[in-house]
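Structure, as structure tokens:
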Amino acid sequence: MADLYALDFDGVLCDSCGESSLSAVKAAKVRWPGLFDGVDSVIEDWIVDQMHILRPVVETGYENLLLVRLLLEIRMPSIRKSSVSEGLTVEGILENWSKIKPVIMEDWSENRDALVDLFGKVRDEWMDKDLTTWIGANRFYPGIPDALKFASSRIYIVTTKQSRFADALLRELAGVTIPPDRIYGLGTGPKVEVLKQLQKKPELQGMTLHFVEDRLATLKNVIKEPELDGWNLYLALVAKVDQLEQVTGDTTLRKRGKKQQAFLGFSSFNSQTSVES
């Protein structure tokens, strides 16, 4: 029986945290220029470092802008406008992002669509001006390009990233071309609905279905849908280099770059899997 793999992009195929963090800082300077008066490179570097830690809470790219501003308010009390930033820590954001996000959106009078458009525009401008640097701020996890090139299974990309960016990285960085009708990006609907669409396609009937995702919350949403019981689910596991050093005792990993993340593999996931929320 043939296999179909629906793959998330960021955190499963590609480590784009560096690019998305830098793009978010660029976009935040456009959206809130006055807040960056007096912000030096030390503070910007600190923000980017914290963004690597906060990557697991990001579902859609525009949220990176919100995180940049929130981190700025944490670091610089004089510019605080939100009701949640006082006393807030990075750990607190990790634990409560779903509750924090609507509060700061209201406190800052922000509009989701406007932030999505701005984030995409900033990325487009960066690509147009310096494609090489934009591409270089991303990296595919080891072995992923070859796995995609030589896959005998049917591959679909299901991501909240805007499709044009996923396609550009696949072509320019991985050397892989995936037909546009197999890339479901931002604007194509929630991942749960995309999976429902895929399993109903006549040409995909009878295939064994696999979905690989790096966000636990997304997999839990799939499990809640009885209609999607036919999907085999996998949680992608990624760790930062310093975490791997602690586990393996191999301190040579840091030589590859202190912010680099390493792809560990997939863990089969279902309603009985014991994983902390």
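- A salt bridge links Glu227 with Lys200: the closest approach of a Lys/Arg side-chain nitrogen to an acidic carboxylate oxygen falls below 4.0 angstrom.
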Might you work through the salt bridge (charged side-chain N to carboxylate O under 4.0 Å, His left out) test for Glu19 and Arg123, ending with a clear yes or no? CA-CA 9 Å; Glu19 180 273 321; Arg123 278 175 153 168; 2.8 Å; yes
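- The existence of a salt bridge linking Glu110 and Arg31 is confirmed by a sub-4.0 Å separation between a basic side-chain nitrogen and an acidic carboxylate oxygen.
- Closest approach of Phe119 to Ala27, counting heavy atoms only: CD1-CB, 4.4 Å.
- Ile144 contributes atom CD1, which lies 12.5 Å from atom NZ of Lys149 (distance to the nearest 0.5 angstrom).
- Nearest heavy-atom pair across Met105 and Leu115 is SD-CD1, 4.1 Å.
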For Leu148 and Tyr5, what are the C-alpha separation, side-chain angles and deciding distance, and is it a side chain to side chain contact (heavy atoms under 4.5 Å, CB included)? CA-CA 11 Å; Leu148 293 174; Tyr5 283 86; over 6 Å; no
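- Between the side chains of Trp231 and Gln199, a donor-acceptor pair is found at a separation under 3.5 Å.
- Listed here is the closest heavy atom pair of Arg80 and Ile74: NH2-O, 3.4 Å.
- Remark: the Ser85 side chain and the Ser82 side chain contain an N/O donor-acceptor pair separated by less than 3.5 Å.
- The side-chain tip of Arg69 points at the ring of Trp32 from less than 6.0 angstrom away and within 45° of straight on.
- Between Pro145 and Val176, the closest heavy-atom pair is O-CG2, 3.9 Å.
- Within the structure, the salt bridge (Lys or Arg N to Asp or Glu O under 4.0 Å) test picks out the following pairs touching residues 154-163 (sequence neighbours left out): Asp10-Lys161.
- One distance of note links CG of Leu195 with OH of Tyr184; it measures 10.0 Å at 0.5 Å rounding.
- Note on Glu73 versus Lys81: no salt bridge recorded, every NZ/NE/NH1/NH2 to OD/OE distance being 4.0 Å or above.
- By the 4.0 Å N-to-carboxylate-O rule, Lys191 lies close enough to Asp8 to be salt-bridged with it.
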Could you walk me through whether Val222 and Phe211 pass the side chain to side chain contact (heavy atoms under 4.5 Å, CB included) test, one step at a time? CA-CA 10 Å; Val222 174; Phe211 176 48; 4.0 Å; yes
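- Taking every heavy atom of both residues into account, Ile47 and Leu71 meet most closely at O-CD1, 3.8 Å.
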As a quick check of understanding, evaluate side chain to side chain contact (heavy atoms under 4.5 Å, CB included) for Asn232 and Tyr234, giving each step before the final call. CA-CA 7 Å; Asn232 297 295; Tyr234 306 87; 3.6 Å; yes
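- Taking CH2 of Trp108 as the reference point, atom CG of Leu65 lies at 9.5 Å (rounded to 0.5 Å).
- When atom types are taken as modelled, the side chain of Ser20 and the backbone of Cys17 share a donor-acceptor pair closer than 3.5 angstrom.
- Of the possible donor and acceptor atoms, one in the side chain of Glu213 sits under 3.5 Å from a partner among the backbone N and O of Arg215.
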Take Arg171 and Asp167 through the salt bridge (charged side-chain N to carboxylate O under 4.0 Å, His left out) test and state the conclusion after the steps. CA-CA 6 Å; Arg171 287 186 290 102; Asp167 178 60; 2.9 Å; yes
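- Atom CG of residue Leu209 and atom CG of residue Asp229 lie 11.5 Å apart, to the nearest 0.5 angstrom.
- In summary, Glu44 and Lys29 engage in a salt bridge, as defined by a charged side-chain N under 4.0 Å from a carboxylate O.
- Shortest non-hydrogen contact noted between Val39 and Leu35 is CG2-O, 3.6 Å.
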